[in-house]
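What follows is a single structure, written as structure tokens, with notes after it.
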Amino acid sequence: MLIKVGDFECTEVWDGVFYKKLSNYPQITDWEIRTLIEFIEYEKLYGRECTVECEDHKLLDLIHQKMGEKEKYKNTPRPKLLTECTACPYRKGCVTEYVCHTTSLENAIKIFQCGKLLSALNARNIPVLELKNEKRNAANDPADYFEYIMFAWGNCQAGDRLVMERALGRFPNEEDLSLYFKPGVRFYFKYDKLIKHPKAIYDGVLPMKVKDEIELNDWVYKIVIPMEMKIKIENNIPFSLKDRVIYLENDCKDIWDWSEKVYGRIEEDRVKKSEKEEK
């Protein structure tokens, strides 16, 4: 796997290359070093070696030096706001208190019926090599990626974008993400709790991912469902989860507006819960 460090549009893995965007290129933070170390260690688990490239040779030398002291950086605390990706017009970065997994109405119904989030491998019962070779694996992700449940930061729109991409069978355009935008169902988890899951792992790209499955009763914090789905989905929601469900009207102008509305509501619920506990 090739790692390219630079001033890209965002951090992502695409077709065998890990594009690592720095928040203040050519400066690199301890957190960014930590994620590079985590990426290399995850890849090593699956027998893939990594090579690091960077146009700034001084920075490249510094990266190699710091990665040689990996124990020093492994426990670097995560910032409250990550500014590698500043595409979000509201927060100008990723807020790190919560992570979420976003899926379609049809998949959400299946999730509620079994009471678990499942990896693609467990949900579809198709060998990982077949999943890897499917047309919808546009990024050419390695086979092992399908053994995990993926998470984005709580205020990120990437999950909804992927749900639309799968529904359309192509990359969504600007109109798809505004005029015709249809949000998915978001399953929210507290970062500090979910990272204690016995099968949670860091891969340096995502906030975290979890192998095989996650029992909703034990781990999920809130579930945000677009109001237009309520009639179709509410009878499938287990009684034990009903008090964690939030129905929200999609009266938003685009995917960014919706992401902010959802995350704002998650924050409101946290504040209300804290105030209630103090009383």
Do you know which two heavy atoms are closest between Leu118 and Ile149, and how far apart they sit?
C-CG1, 3.6 Å
How about Arg161 and Ile255: do any of their side-chain heavy atoms sit closer than 4.5 Å?
yes
Determine, for Glu97 against Arg91, whether the closest basic-nitrogen to carboxylate-oxygen distance falls under 4.0 angstrom.
no
Output a table of donor-acceptor pairs, distance under 3.5 Å, between side-chain atoms of residues 223-234 and any protein atom two or more places apart or on a different chain; print 'none' if there are none.
none

Pro142 side chain near Met1 side chain, heavy-atom distance below 4.5 Å:
yes
Closest approach of Phe189 to Leu117 (non-hydrogen atoms, all atoms of both residues):
CZ-CD1, 3.6 Å
Quick one: are Glu134 and Arg124 in side-chain contact, heavy atoms under 4.5 Å?
yes
List the atom pairs, with distances to 0.1 Å, where a side-chain N or O of residues 54-67 and a protein N or O form a donor-acceptor pair under 3.5 Å, not counting sequence neighbours.
residue, atom, partner, partner atom, Å
Asp56, OD1, Lys58, N, 3.1
Asp56, OD1, Leu59, N, 2.9
Lys66, NZ, Tyr73, OH, 3.1

Sequence-distant partners of Asp254, side chain to side chain contact (heavy atoms under 4.5 Å, CB included), two or more places apart:
Ser178, Trp256, Asp257
By ring pair (Phe, Tyr, Trp, His ring centres under 6.0 Å), Tyr46 pairs with (sequence neighbours left out) Tyr42
Apply the hydrophobic cluster definition, ILVMFWY joined by side-chain contacts under 4.5 Å directly or through others, and give me every member besides Phe8.
Leu2, Trp14, Val17, Tyr19, Phe171
CG (Asp203) and CD1 (Ile40) are apart, to the nearest 0.5 Å, by 12.5 Å
Check the pair Arg186 / Asp160 against side chain to side chain contact (heavy atoms under 4.5 Å, CB included), numbers first and verdict last.
CA-CA 9 Å; Arg186 292 193 182 201; Asp160 279 305; 2.8 Å; yes
SB check Lys21 Glu84 (cutoff 4.0 Å):
no
Could you give the distance from CZ (Phe151) to OG1 (Thr102), rounded to the nearest 0.5 Å?
10.0 Å
Does Arg136 pair with Asp141 as a salt bridge, N-O distance under 4.0 Å?
no
In terms of side-chain geometry, is the basic nitrogen of Lys74 or Glu71 positioned less than 4.0 Å from the acidic oxygen of its partner?
yes
Checking Tyr98 now: which residues fulfil ring pair (Phe, Tyr, Trp, His ring centres under 6.0 Å) with it, not counting sequence neighbours?
Tyr221
With sequence neighbours excluded, tell me which residues meet ring pair (Phe, Tyr, Trp, His ring centres under 6.0 Å) with Trp219.
His197
Contacts of Cys10 that satisfy side chain to side chain contact (heavy atoms under 4.5 Å, CB included) - sequence neighbours left out
Glu12
Write down the atom of Asp192, the atom of Lys196, and the distance for their closest heavy-atom approach.
O-CE, 3.5 Å
Between Leu121 and Glu147 the two heavy atoms that sit nearest each other are CD2-CG, 4.0 Å
Tyr263: partners by side chain to side chain donor-acceptor pair (under 3.5 Å), with sequence neighbours left out
none
Residues that Ser240 engages under side chain to side chain donor-acceptor pair (under 3.5 Å), provided they are two or more places apart:
Asn217
Residue pair Pro79 / Thr96: nearest heavy atoms and the distance that separates them:
O-OG1, 2.7 Å
Side chain to side chain donor-acceptor pair (under 3.5 Å) involving Arg166 - partner list, sequence neighbours excluded
none
Considering only heavy atoms from C-beta outward, does the side chain of Ser119 approach that of Phe146 to under 4.5 Å?
no
For the residue pair Gly154 and Tyr188, what are the closest heavy atoms and their distance?
O-OH, 2.5 Å
Among residues two or more places apart or on two chains, list those pairs meeting side chain to side chain donor-acceptor pair (under 3.5 Å) that have a residue in residues 28-39.
Lys20-Thr35, Ser23-Glu32, Thr29-Glu32, Arg34-Glu38, Arg34-Tyr202
